[in-house]
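Beneath this line is the structure, given in structure tokens, with notes to follow.
Computed from heavy atoms alone, side chains included, the values below leave out hydrogens, waters and symmetry copies. Order of the sequence lines fixes the chain letters, A, B, ..., with proteins taken first and strands second; residue numbering starts at 1 for each chain.
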Amino acid sequence: MDRCLNNRENAKALAARIAKDAGVDLQDCYQCGKCSGGCPMAGDMDLMPRQIIQYMRLGLMGDVLRSKSIWLCAACHTCVDRCPHDINLPGLIEGARMEAKRRGMIGVKEVDKFTDIFLENVKMFGKNQEVVLEGLYNVTTGHLMQDMVNVPHMLKHKIVGPELNTTKQAAEVKELMLRAQAAENERKRGEQ
Amino acid sequence: MQFSYYPGCSMDTTGITYKLSIEYICSKIGLVLHEIPDWNCCGATAAHSKNKMLALALPARNLAQAEEEGLDLDVAVPCASCYSRMKHTVVAARQDENMRRKLEEIIGMPYKAKADVLNFLEIFSRPEMKRACQEKMYRTLKGMKVACYYGCLTSRPVEVTGASSTENPMEMDEIVALTGAEPVEWDFKTECCGASHQVDAPKAARPLIERIIRNAKANKAQAIITACPLCNLNLDMREGEINKAKGTRYDLPVYQFTELLAVCMGAGAKDIGIHKHFFPAFDLLNEYLRKAGD
Amino acid sequence: MSSIIEELQSTVKKLLEDGTVGYVIGWGATRFPDRTTPVFITRPEDAHKLVWNHYCVNGTAKYALDDRYPEKKIGIIIRGCDSRAVNRMIQDNQLKRENLYLIGIPCDGKENPVCEGCQHKNPLVYDVLIGTPVEEKINPDRFKEVAEFEKLSQDEKYEYWAKQYDKCIHCYACRNVCPACNCKECYADQYRVGWQGKQNNRNSNQVYGLTRAFHVGDRCIECGECERVCPMGLPIMRQTKKMLKDINDLFGDYECGLNDSRPHVLGEFDLQDRDEFM
Amino acid sequence: MSRIGVFVCHCGTNIAGTVDVARVAEAMKAEPGVVFATDYKYMCSEPGQQMVKDMIKEHKLDRIVICSCTPRMHENTFRKMLKDTDVNPYMLEIANIREQCSWVHTDKEKATEKAIALARMAVAKVGRDFPLFTSTIPIHKKALVIGGGIAGIQAALDIADAGYQVTLLEREPSIGGRMVMLDKTFPTLDCSACISTPKMVEVSAHPNIELRTSCELEDVSGYVGNFEVTIRQKARYVNHDICTGCGLCETKCPTKVISEFNQGMSERRAIYKSFAQAVPAKPVIDPDHCRKLQEGKCGVCQAVCPLKAINFEDKDTTFTDTYGAIIVSTGYQLIQWQDLYPEYGGGRFKDVISGLQFERLVNASGPTEGHILRPSDQTEPKDVVIVKCVGSRDPKKGKSYCSRACCMYAAKHAHQILEKIPDSNVYVFYMDVRTPGKGYEEFYDRTRKDGANYIRGRVAKIYKEGGRLICRGEDSLLGRQVTVEADLVILETAMVPADGIGEVVHKLGIAMDADGWVQEAHPKLRPVETQTAGVYLAGTCQGPKDIPDTVAQASAAAAKVCGLFSKSEMETSPMTSKVDQSKCCGCGHCEVCCPYKAITLVEIDDREGPKKIRRTVASVNSGLCQGCGCCAAACRTGAIDLLGFTNDQILREVDALCQ
Amino acid sequence: MSVKRDENWEPQILAFCCNWCTYTGADLAGLNRMKYPENVRVVRVPCSSRVNPQFILRAFQKGCDGVLVCGCHPGDCHYATGNYFTRRRFMLMQRLLEYNGIDPKRFQARWISGSEAAKFRDTVTRVSQEIKELGPNKKFQEEWYSEGGAGNE
């Protein structure tokens with residue numbers, strides 16, 4: 001890959017758009033690393049949160065969009081809370097993740113799958129069904145045995161059961177979700 | 001005292017002990033919760049990682065329903081994640097009139113963003129609530145050392161939650177102290193437990209739980225106290241797993257703060273589902289109740 | 001309405017009887033049903049001469065400037081706009097609050113076009129309030145007229161104003177009625193320094209118009225008295241509002257004469273002010 | 001009618017080469033009021049000046065216009081010349097036809113026209129000149145230095161050595177400030193107390209220095225050369241005229257109080273001397289903790305004092321003196337990090353200490369006699385973490401500026417630990433290492449070679465597990481999280497202005513920047529002056545700096561004071577603002593924009609019709625006014641005007657230009 | 001109101017310059033023998049904050065085609081804060097004049113320090129050029145309307 005830093009206008013424009021949406025001035029960051037130092041998920045990240053900003057500043061968006069880090073962020077907001085410049089890093093990551101998803105660049109498949117199933121679930125029932133969620137997730141990702149050890153306890157103590165608790169007007173929620181999607185698309189277009 | 005009430009999807013399942021203990025306390029102190037009639041999922045982490053408008057619209061439908069009922073009450077939300085999402089919506093609608101109108105359009109009903117969203121720590125921190133609880137408590141957990149775990153979403157981002165402190169909050173400590181239990185000073189009150197990634201990125205997220213339990217233990221706590229069904233499930237369910245996988249010997253039951261209150265008001269183990277905990281939770285409570293009884 | 005008048009009259013009567021105030025400035029009837037006139041009530045038995053109706057258009061506050069050192073308090077019946085005038089004159093050190101007894105009266109708009117855009121119908125300060133407060137509404141079109149006018153070309157703007165100032169007769173009614181015009185001696189009267197020509201011609205009037213706009217624009221309370229009294233119907237507010245609009249755009253939200261208004265927008269600065277003169 | 005004389009200078013060919021000077025002179029003869037006009041080769045030369053003087057006599061001139069070089073060059077020359085004549089030196093205007101005409105234009109015709117216009121403007125202006133008179137103000141040759149840290153001490157000594165009287169004001173019971181608390185100074189590792197205490201003693205012994213401890217500034221009025229200063233002497237409850245400082249009282253006092261000097265790590269008594277080498281070396285009673293003063297019981301000190309120096313009836317007193325100049329050297333304090341950084345424990349961990357606390361720990365006269373022992377259990381720490389930029393470079397939680405000295409003292413602390421505890425490990429978390437000073441980079445090099453581990457990253461969290469402190473941060477050079485277990489953590493915290501600086505600044509009428517530091521008159525050219533003439537500043541009250549810079553600035557401020565004191569009186573410019581009180585309505589718009597607080601609103605007696613009234617008007621203190629004229633442009637009435645540049649004059653100039 | 005375009009027409013430009021920065025800068029331009037149009041005349045004032053907005057009106061009234069107000073850069077004012085007031089006053093004044101039909105190019109304010117001789121030269125040259133392109137100012141001028149002609153006081 002060509003690592004030359006010149007002529008990265010398109011990537012920089014993308015970075016600028018994501019930054020603007022998150023209300024961030026990328027030049028605020030002086031790379032102190034307090035974000036990465038406090039990030040609970042940093043242990044498994046391939047790009048440190050601090051590095052994400054530097055990569056974006058230089059227009060190395062490919063590295064950001066391909067990274068696992070943007071999928072692993074738990075949105076706990078510890079970074080921005082301690083950041084001396086109040087940089088909304090979770091906002092940047094969220095923007096990068098949506099962009100990556102749009103381009104089919106999924107750094108951590110399981111995370112993407114889980115959110116998709118979660119939302120499908122909501123679309124179908126209005127509420128989220130933990131049994132359905134976990135079941136579908138295990139089946140689609142192939143992690144068949146994950147968390148199965150806890151099932152007997154849950155069944156025994158009726159923590160979960162076969163009956164579904166749904167929103168009565170689930171169809172209303174479904175329509176809401178469709179309208180929200182349209183509004184989101186419009187919002188995105190407005191930004192570009 | 002009355003509130004509109006948004007239980008959230010896990011209150012009937014994995015949050016059952018939270019639900020039972022809240023119901024028990026309500027019955028004792030006359031707190032009335034009006035459940036929002038046909039509520040839907042708040043969208044949790046999933047919605048806002050995919051679609052900003054959806055993340056605001058799903059809670060808006062619930063809040064609009066609460067308004068539609070005309071009770072003019074603030075909305076009580078037990079789950080920290082639901083609380084965070086709902087509060088995001090309220091803040092966004094209040095800050096930006098266009099956004100509020102847009103949300104009305106999406107949910108197809110009027111939404112004025114009048115009601116506040118409160119979590120149960122905020123509710124129980126009110127002096128009159130504390131007084132009411134204290135009046136009804138006749139048992140004590142005197143001497144039991146507990147670590148109050150607040151989690152991330154009740155405190156951050158502070159522009160949304162308005163939390164008094166994002167590193168060392170004291171609200172739960174003060175409430176729990178009413179039971180006679182002794183909250184310890186420790187350092188992981190608001191560190192993330194990784195709940196949102198425990199299913200889809202377990203390898204990365206498990207250590208988050210362990211370091212919370214480790215710090216609580218290192219600071220001499222005997223139990224961890226939470227105020228969220230997700231945090232609670234996460235710590236409670238995974239503690240045994242961690243012990244098994246890593247050969248550690250953590251022995252901290254994980255209670256909801258409402259469970260401690262309820263127990264001191266006289267609730268039996270069955271009443272509030274102490275036996276439903278993944279990590280054995282009965283013995284410790286029993287020991288301290290006994291001690292105090294002697 | 002009638003009960004408010006009764007309340008007003010009895011309040012004033014009592015204030016005069018117990019000697020709280022020396023006199024009260026308010027509105028009185030004239031021989032025309034659709035006209036009122038400012039009146040000075042000095043005796044309790046005259047309190048019944050006060051009226052309160054749709055035609056109470058005159059500003060009451062500025063009259064107090066003619067009696068800056070009263071022996072007893074001056075009672076003034078004030079609407080929202082009058083209360084802003086009082087606030088402004090206190091900020092300008094022209095009146096002392098302790099010399100005034102303010103009889104507030106919520107106003108739902110008078111026979112005056114400026115009232116339509118009013119954002120402060122209720123008095124902001126008062127010692128006693130007659131009646132009950134009315135609902136305030138934000139005027140989103142506060143600077144609409146100015147913004148529209150800004151769109152014209154420079155020549156169109158100039159021609160417009162030139163025509164207006166051709167009408168001006170240099171009568172100074174706008175100055176005399178304006179609560180922000182409170183100099184001891186107006187610059188325009190200082191012939192020795194020669195700020196301003198005495199002639200009544202277009203140029204002299206233009207200079208007067210612009211200078212006045214700059215002198216009061218940063219302290220204009222938007223009461224519209226200048227336009228109301230102008231015998232030639234000049235749109236005087238359009239100049240001062242331009243100043244206000246620019247102050248809002250450049251130096252942050254600003255409305256004059258409120259209880260917490262910044263007193264000197266041009267007597268303060270912010271290091272972060274926009275810099276166009278680099 | 002005025003009698004104006006116009007003199008047009010050739011300046012050799014400098015002007016005459018491009019401007020037809022004869023034509024300019026000729027044109028001026030037609031101007032109203034001009035009775036004489038001529039040109040001459042060099043107006044500034046001796047014969048040129050003599051000619052002006054002669055013509056004044058001959059033509060009874062009362063106003064002079066000189067068309068020559070820039071007024072910045074010879075305005076003063078010609079004013080001086082007029083002193084010997086009947087014409088007031090301020091009845092003079094200069095038309096700049098060299099720098100702004102002949103030198104910048106080539107077309108002789110056009111340049112001449114412009115020169116005529118410029119001359120006409122000057123004639124118009126001079127016609128409205130009126131006589132102004134300079135006044136001289138005597139300079140009271142006594143200086144006040146506010147703050148007795150190293151900056152104040154140095155400044156006081158320098159002024160006193162030059163032979164002038166100085167009062168050194170200190171609010172604490174002893175002078176010495178922060179420097180005397182430090183152990184060693186970087187980069188030379190001199191013993192800080194060894195180099196500062198002799199200076200303290202010198203201050204107390206100097207015949208020209210009046211030392212005033214436990215004193216605060218109460219009120220200041222007046223202006224350069226003549227400041228009337230009221231000083232509050234706080235009650236000490238010990239008569240220092242009698243007390244010999246034997247210290248018996250201290251040993252008998254039953255009340256123990258946390259020691260401020262040792263940064264909370266040891267105790268003192270309620271009657272105390274801040275530290276062993278305190279100057280004056282006499283105790284005071286801390287009224288907030290004294291049992292006698294609080295509860296009326298005890299009084300042991302009074303009983304044991306062999307000289308009966310204790311006086312529980314002591315009261316605050318004030319006294320007033322006149323000073324010619326004032327130096328502000330109020331210093332700094334460290335930021336209250338505990339309230340700002342809950343992620344560093346917010347003060348809950350005893351072993352997370354500030355750099356100043358460490359200075360006391362490592363100091364031989366400190367609470368541990370120089371053994372580095374951690375506060376919680378008095379054991380020797382083996383693993384020490386140093387965190388830089390706590391409160392500095394943090395716009396959200398602390399201050400956005402760099403505190404300048406911390407990089408160096410962090411290196412010094414690392415060095416001291418490694419030296420005193422041979423098997424120790426030191427980790428320094430840093431964002432940048434800034435070493436711009438003589439020998440500084442070399443010192444940093446040496447510290448690294450001593451074995452200090454520098455980790456580039458800001459610590460995100462400090463927490464406690466099993467009695468050890470765990471510091472978690474990112475090593476941004478590795479790009480991964482690191483944790484370091486530590487026995488002791490030293491936070492190198494930000495410098496902030498000393499408490500109470502706002503009051504001092506307000507009383508002196510000087511300015512403060514957004515962070516509360518005292519504002520210098522010009523950052524580059526007038527770094528030790530303030531906007532108020534006669535008030536200077538020294539040391540960290542102006543911004544964070546290290547000891548060498550502080551001392552240098554103190555000496556610079558002292559030099560400024562000595563320069564001022566070298567004259568017995570000073571002339572003031574008469575070109576100040578003046579209020580026509582008959583026009584002034586007292587609105588105060590001039591007052592708010594005056595940068596020198598020279599304008600105040602006063603009440604005057606007046607009449608309104610038959611009534612006697614008290615009316616508010618503006619009033620200018622011409623000693624403070626510097627003549628900028630900002631007030632004159634703010635005045636709508638034109639009641640306040642700037643002498644020498646009146647509204648009338650400028651309007652005439654404008655009119656003349658357009659003729 | 002048509003005026004015939006005189007090819008040799010030169011605008012009248014008035015520049016208020018603060019004594020400490022811009023006036024010094026203008027002197028320096030002279031010292032360095034820089035060249036700029038003759039139509040710029042400088043009025044010396046102690047500080048840009050001395051300039052009363054009414055002076056500007058007066059200049060237009062008396063026939064100036066353009067007015068400049070120049071002072072020290074913000075933060076460098078000899079009197080510490082004067083130019084911050086200048087900035088506020090003249091930002092408003094410029095807009096008010098534009099609103100009354102005067103091209104903002106005809107009234108400008110600039111910060112020029114004592115060392116910026118070249119900036120002084122460039123500024124007045126450019127302003128002069130701009131105003132030349134705009135042509136003579138006909139607005140707000142006394143002589144166009146007064147019956148007795150100019151100088152009728």
Side-chain angles (χ1 to χ4, degrees), chain C residues 22 62 65-72 88-96 98-99 175 178-197 203 207-208 210-220 240 243 262-273, chain D residues 124 127-128 511-515 519 579-595 599-618 630-642 646-656:
Chain C
K62 196 172 180 187
L65 276 191
D66 294 334
D67 191 9
R68 287 175 207 238
Y69 310 99
E71 272 150 29
K72 273 185 181 177
R88 185 61 247 179
M89 288 188 280
I90 289 173
Q91 281 180 326
D92 282 340
N93 280 339
Q94 300 305 304
L95 291 178
K96 289 201 170 85
E98 62 265 28
N99 285 340
R175 173 187 82 188
C178 176
C181 274
N182 45 39
C183 287
K184 199 156 175 288
E185 185 183 337
C186 179
Y187 88 99
D189 296 338
Q190 295 173 20
Y191 302 124
R192 222 190 85 77
V193 185
W195 289 112
Q196 170 76 56
N203 177 246
V207 170
Y208 170 72
L210 250 77
T211 307
R212 204 191 91 88
F214 201 84
H215 277 190
V216 303
D218 61 327
R219 294 170 300 128
C220 169
T240 48
M243 284 279 288
R262 286 176 280 162
H264 306 284
V265 211
L266 288 178
E268 62 182 20
F269 61 86
D270 188 332
L271 296 178
Q272 309 307 324
D273 277 342
Chain D
R128 296 290 171 141
M512 241 168 25
D513 67 17
D515 290 309
Q519 185 76 53
V579 180
D580 178 348
Q581 295 186 334
S582 69
K583 278 190 202 169
C584 177
C585 67
C587 69
H589 288 247
C590 50
E591 183 196 14
V592 290
C593 66
C594 177
I599 303 176
T600 43
L601 293 179
V602 296
E603 286 210 332
I604 54 165
D605 287 315
D606 202 353
R607 304 189 76 89
E608 194 185 61
K611 217 188 308 182
K612 274 191 181 166
I613 55 165
R614 297 278 292 166
R615 194 159 69 80
T616 304
V617 292
C630 190
C631 51
C635 181
R636 295 166 174 88
T637 316
I640 191 162
D641 212 345
L642 180 61
T646 60
N647 289 327
D648 194 20
Q649 288 181 310
I650 296 176
L651 288 173
R652 300 288 150 182
E653 268 187 282
V654 172
D655 292 356

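Rounding to the nearest 0.5 Å gives a distance of 9.5 Å between OH of Y69(C) and NZ of K611(D).
The contact between Q190(C) and chain D is made entirely by side chain atoms (from C-beta outward), counting heavy-atom distances below 4.5 Å. With a threshold of 4.5 angstrom between heavy atoms, K583(D) approaches chain C through its backbone and through its side chain. Using a 4.5 Å cut-off between heavy atoms, R614(D) touches chain C through its backbone atoms (N, CA, C, O) alone. No part of R212(C) comes within reach of chain D, as not one of its non-hydrogen atoms sits under 4.5 angstrom from that chain. Of the two parts of S582(D), only the backbone, made up of N, CA, C and O, holds a non-hydrogen atom closer than 4.5 Å to a non-hydrogen atom of chain C.
Comment: D189(C) engages R175(C) in a salt bridge, judged by a side-chain N to carboxylate O separation of less than 4.0 angstrom.
Across K184(C), R88(C), R68(C), a single residue satisfies side-chain contact (heavy atoms from CB on, under 4.5 Å) together with Q94(C), and that is R68(C).
For the set T616(D), L651(D), T637(D), the count of heavy-atom pairs under 4.5 angstrom toward chain C peaks at T637(D). Counting heavy-atom pairs under 4.5 Å between each of G638(D), C590(D), G586(D) and chain C puts G586(D) at the top. If you tally non-hydrogen atom pairs under 4.5 Å between each of D648(D), V592(D), L601(D), T646(D) and chain C, the highest count goes to V592(D).
Between C593(D) and C630(D), some side-chain heavy-atom pair lies under the 4.5 Å cut-off.
For the 3.5 Å distance criterion, the side chains of Q196(C) and Y208(C) fail to qualify, holding no donor opposite an acceptor. Remark: the D218(C) side chain and the H264(C) side chain contain no N/O donor-acceptor pair separated by less than 3.5 Å.
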